[in-house]
Amino acid sequence: ETGVTQSPTHLIKTRGQQVTLRCSSQSGHNTVSWYQQALGQGPQFIFQYYREEENGRGNFPPRFSGLQFPNYSSELNVNALELDDSALYLCASSPVESGELFFGEGSRLTVL
Amino acid sequence: AQKVTQAQTEISVVEKEDVTLDCVYETRDTTYYLFWYKQPPSGELVFLIRRNSFDEQNEISGRYSWNFQKSTSSFNFTITASQVVDSAVYFCALSVPSGTYKYIFGTGTRLKVLA
């Protein structure tokens with residue numbers, strides 16, 4: 001069984017740029033969630049996708065957007081990057097009936 | 001609103017000591033789930049346990065045990081005979097089933113086990 005995989009693992013951007021992070025769900029999982037984890041903090045919920053539609057959103061501005069594809073993989077897009085966007089971005093998948101999240105290793109974004 | 005508090009920022013113990021990580025949660029919902037995750041330096045959150053609000057039975061899994069007390073809104077995690085490999089950041093999380101499986105995480109406790 002393949003777990004949740006994320007790419008890239010590390011990346012550096014400058015303020016104002018845009019970034020796309022990718023996530024492949026665990027086999028059989030049809031729900032994908034994204035979390036932001038700043039240094040020294042717990043993960044914060046960004047949003048969740050189910051059946052290719054956003055199914056819940058945390059307290060993040062519209063410049064954070066996402067997509068879910070028919071194969072349940074997902075993208076997180078962040079526009080107009082700010083220094084505070086520097087964080088570990090975690091993707092998690094789950095089978096809709098259980099709600100139990102399985103996390104990937106994350107994409108570490110540094111904004112200079 | 002839901003909230004999870006992990007008051008211990010960092011704990012250091014010597015190998016073979018027992019250690020308890022505290023977790024206090026807040027929610028007005030009667031149905032909810034509590035979790036513990038381990039985060040090693042690689043960054044991945046490793047699932048340890050899930051407990052639903054109707055099951056207050058304590059659980060033991062090898063050297064790990066969990067004490068769930070609704071009366072004090074606590075879900076504490078004890079590692080018995082700690083080992084260096086237990087060194088990591090541990091997160092407690094709360095989820096309320098509402099169509100969105102949103103987890104509320106605490107700020108984590110960094111555990112350092114010294115040889």
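Lettering follows sequence order; numbering is per chain, from 1.
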Check whether any side-chain heavy atom of Phe47(B) lies under 4.5 Å from a side-chain heavy atom of Phe103(A), and answer yes or no. no

Count the heavy atoms of every other residue, nucleotide or ligand shown that sit under 6.0 Å from CZ of Arg63(A), and state whether that count exceeds 12. yes

Roughly how far, to the nearest 0.5 Å, is CG of Leu45(B) from CD of Gln37(A)? 6.0 Å

Leu88(A) and Phe47(A): same hydrophobic cluster, using ILVMFWY side-chain contacts below 4.5 Å? no

Is the count of non-hydrogen atoms from other residues, nucleotides or ligands lying under 6.0 Å from Lys70(B) atom NZ greater than 12? yes

Please confirm whether the ring centroid of Phe105(B) lies under 6.0 Å from the ring centroid of Tyr35(A). yes

Check for me, please, whether Tyr64(B) and Val13(B) land in the same ILVMFWY cluster - side-chain distances under 4.5 Å, paths through other members count. yes

In the single-linkage hydrophobic clustering (I, L, V, M, F, W, Y; side-chain heavy atoms under 4.5 Å), do Val4(B) and Ile11(B) co-cluster? yes

Quick one: are Lys102(B) and Gln48(A) in side-chain contact, heavy atoms under 4.5 Å? no

Please determine, among Arg108(A), Arg57(A), Gln41(A), Gln44(A), the option with the most heavy-atom pairs under 4.5 Å with chain B. Gln41(A)

Answer yes or no: is there a donor N or O on one side and an acceptor on the other, between the side chain of Tyr103(B) and the main chain of Leu101(A), under 3.5 Å? yes

Structural part of Gln6(B) lying under 4.5 Å from a heavy atom of chain A: neither

More than 12 heavy atoms of other residues, nucleotides or ligands under 6.0 Å from CD of Glu10(B): is that the case? yes

Same cluster for Trp36(B) and Val24(B) if Ile/Leu/Val/Met/Phe/Trp/Tyr side chains link at under 4.5 Å? no

Should we say atom CG of Asn59(A) is surrounded by more than 12 heavy atoms from elsewhere, each under 6.0 Å from it? no

Look at atom CZ of Arg63(B) and say whether more than 12 heavy atoms of other residues, nucleotides or ligands are closer to it than 6.0 Å. yes

Heavy-atom count check: over 12 atoms from other residues, nucleotides or ligands less than 6.0 Å from Leu39(A) CG? no

Tell me, do Phe102(A) and Glu44(B) make a side-chain contact under 4.5 Å, heavy atoms counted? no

Residue by residue, scan residues 107-115 of chain B and write down, ordered by number, those that have a heavy-atom distance under 4.5 Å to chain A; if none do, write 'none'. Thr107(B)

Under a 4.5 Å cutoff for heavy-atom pairs, which residue among Pro40(B), Gly43(B), Ser42(B) has the most contacts with chain A? Gly43(B)

One option among Gly58(A), Gly106(A), Pro43(A) has the most heavy-atom pairs under 4.5 Å with chain B, and it is Pro43(A)

Between Tyr90(B) and Phe68(B), is there a shared hydrophobic cluster once you connect ILVMFWY residues whose side-chain heavy atoms come closer than 4.5 Å? yes

